Amino acid sequence: MWNCGNRIIAVVGKVSNLKNCYTILAMNLSCLLSLLKEIPAYRQSVGQLLTNKGEHKIGMLNAAKPYVIAALYEELGSPLMVITAQPENARKLYEQLQVWCPPLANLHRFPEPGFSPHGYLTSSTDTMLERLQTLASLALSEPFTSCHSEGGKRPKNLLFSSFLSSGLRASAHQGRLREESRDPSLALRVTIKQPPLIVASALAVVSKTIPRGDFVSTCHILKQGMIADPLDLLHKWQSIGYEMEDFVAAPGQLSKRGGIIDIFPPCSELPARIEFFGNQIESMRLFDSESQCSVKSTLSITITPAREVFTAKDTGGKKALPSSPFIWQGTYGNILDYLPGEALLIINTPEESKAIIERSNSQAQALREEKIERGELLEASPYFTLEELEAKIKARQYLMLESWDAGQNPEQALPFTPPQSYGGRLVKFPQAAKQMVREKQRIIVVSHQANRLAELLREEDIHISPASQIEEVPPCGSVTVVQGSLVEGWEMKNALTLITDAELFGFVKQARPSKRVPTHISLLLSQLSPGDYVVHIDHGIGRFNGLTRMSNNGIEREYLVLEYASNDRLYVPTEQIERLSRYIGAGNQPPTLSRLG
């Protein structure tokens with residue numbers, strides 16, 4: 001136990017843009033996780049998680065949950081998945097975990113696919129790529145790690161045999177798919193060193209996706225010196241969702257120029273350029289998608305699927321896959337199936353999550369009944385039922401995070417309470433901080449207005465300078481000011497008090513989501529041919545009739561031409577292409593066009 005009274009942390013903030021194009025907090029407070037690990041109630045909870053399987057419950061203040069989740073992730077060293085009720089809560093939790101988790105944490109958000117008013121899944125390209133990246137992180141974390149085990153046999157579920165039997169084999173000289181490698185990029189792409197920490201909403205978890213076995217069976221590794229027919233590779237990669245382009249600019253694209261193939265796997269931060277000498281891979285280099293210039297050489301790249309939804313058109317008529325949403329070779333998958341056996345599932349506000357799942361299934365069923373009445377073709381529900389999901393959850397170890405205001409009595413309760421609120425009366429805070437310093441309490445002030453607070457503290461003879469990071473736990477009887485932002489504060493009995501702008505000023509300035517890097521327009525356009533059916537998120541099902549250029553107020557723009565019922569036409573600017581998605585329906589019967597207006 002840290003025997004120095006309460007540590008008070010007030011968090012203030014500057015934001016920066018990091019992975020997945022979300023605005024997250026620049027500061028990192030992971031060094032403070034050690035304080036929680038000395039709390040007896042926490043140690044007892046961890047002991048039960050390590051020794052007893054099945055269901056566990058812990059009660060705590062809502063604001064402290066990101067801190068506790070990060071501590072569990074760091075201590076257990078196994079994959080974790082956190083389910084929250086609302087998509088917005090999942091996004092906020094993901095941002096907060098960026099602050100509390102160690103910098104090298106393998107953190108992902110698994111977004112929910114869109115659901116339009118017309119009842120069709122309309123995932124944007126960005127959402128699909130995030131989902132695929134999360135699935136890849138889970139699918140590759142367990143089997144690919146064992147590739148480097150001592151004397152290691154290649155795990156069966158990598159299914160290299162399907163590629164080896166069709167012309168991809170190792171060169172006699174460089175040749176074997178050896179278990180060891182000195183190339184650091186190989187370690188990054190073959191072995192997921194840090195276990196994944198996944199954050200998802202209830203709607204994302206209940207949605208159907210690619211079965212894990214089918215996903216893993218398409219993952220494969222290319223190595224320098226291997227023998228492979230370039231045209232055969234192109235065909236295989238197109239069959240798992242890659243789109244042929246003139247130049248590779250976004251994940252899920254590939255291109256060919258003579259003996260060079262460029263490919264951008266969703267699981268990679270950079271695209272790869274593969275140079276062939278005949279049918280042998282002579283070299284592989286990672287390159288920048290904007291400048292198209294090489295960044296560094298690599299001895300290996302990992303290829304994963306580039307799409308969740310497949311249609312008969314995608315397979316060129318060969319062994320056509322069913323075209324219902326999120327079906328891979330006629331079966332459905334769920335992200336919970338991707339979790340390894342030792343993973344811990346954490347469910348936040350379970351009752352609210354249940355209500356959302358039941359409501360989503362009711363809406364899907366109502367849409368099916370409407371289609372029956374109109375005589376339209378039925379489509380499979382995009383969701384698993386609550387009963388199906390509960391069966392998957394109960395088959396593994398899971399932890400229910402309950403809130404104090406839930407009116408329940410959890411098995412374990414962690415000693416978190418709300419901190420004192422100052423409600424914008426900043427004059428009182430420096431005075432209170434000075435008193436706590438006299439009492440040898442540890443105070444860390446973190447605020448959007450860090451410089452202003454530092455000046456106020458100096459007036460009380462507390463001389464500090466704002467910092468952006470905390471590298472180690474500060475000593476007792478000291479004050480530290482950190483630049484950052486968190487949603488709420490909390491007090492952990494005899495250990496730590498966290499104060500945010502919510503306590504200091506009565507509100508927290510909401511960071512605006514950073515503008516996503518625009519996905520290359522041709523990524524969707526390359527999937528469309530005149531006559532294909534699409535779904536506009538506002539106007540429903542239409543038929544794509546090609547592109548046209550028109551002038552409006554002297555400005556010429558390019559538009560997608562969509563045909564609707566009664567020969568009505570809708571012109572969609574190409575910069576709004578994310579409002580469209582390909583129509584994915586059951587069978588080969590064409591859908592009924594929606595009416596405009």
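The chain is numbered in sequence order, starting from 1. Everything quoted here is computed from the prediction, not taken from an experiment.
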Examine distances only and state if a side-chain atom of Lys92 and a backbone atom of Tyr94 form a donor-acceptor pair shorter than 3.5 Å. no
Residue list, salt bridge (charged side-chain N to carboxylate O under 4.0 Å, His left out) with Glu390, at least two apart or on another chain: Lys354
Using modelled atom types only, decide if a donor and an acceptor are shared between the side chain of Arg396 and the backbone of Pro340 within a distance under 3.5 Å. yes
Applying salt bridge (charged side-chain N to carboxylate O under 4.0 Å, His left out), name anything that partners Glu352, two or more places apart in sequence or on another chain. none
Treating Glu112 as the side-chain partner and Thr127 as the backbone partner, does any N or O pair qualify as donor plus acceptor under 3.5 Å? no
Determine whether a donor-acceptor pair (N or O, by modelled atom type, separation under 3.5 Å) exists between the side chain of Gln280 and the backbone of Phe277. no
Is Asn106 reaching over with its side chain to a backbone N or O of Gln194, donor-acceptor style, under 3.5 angstrom? yes
Going by the side chain to side chain donor-acceptor pair (under 3.5 Å) test, name the single residue among Thr349, Thr84, Asn348 that passes it with Lys65. Asn348
Please confirm whether the backbone N or O of Pro211 pairs with a side-chain atom of Asp214, one donor and one acceptor, at under 3.5 Å? no
Within residues 539-550 or reaching into it, pairs that qualify as salt bridge (Lys or Arg N to Asp or Glu O under 4.0 Å) - sequence neighbours excluded: Arg543-Glu563, Arg549-Glu556
Taking Arg131 for the side chain and Thr209 for the main chain, is one N or O donor matched with an acceptor at less than 3.5 Å? no
So Phe384 and Tyr332, would you call those rings parallel, tilted or perpendicular, with 30° and 60° as cut-offs? perpendicular
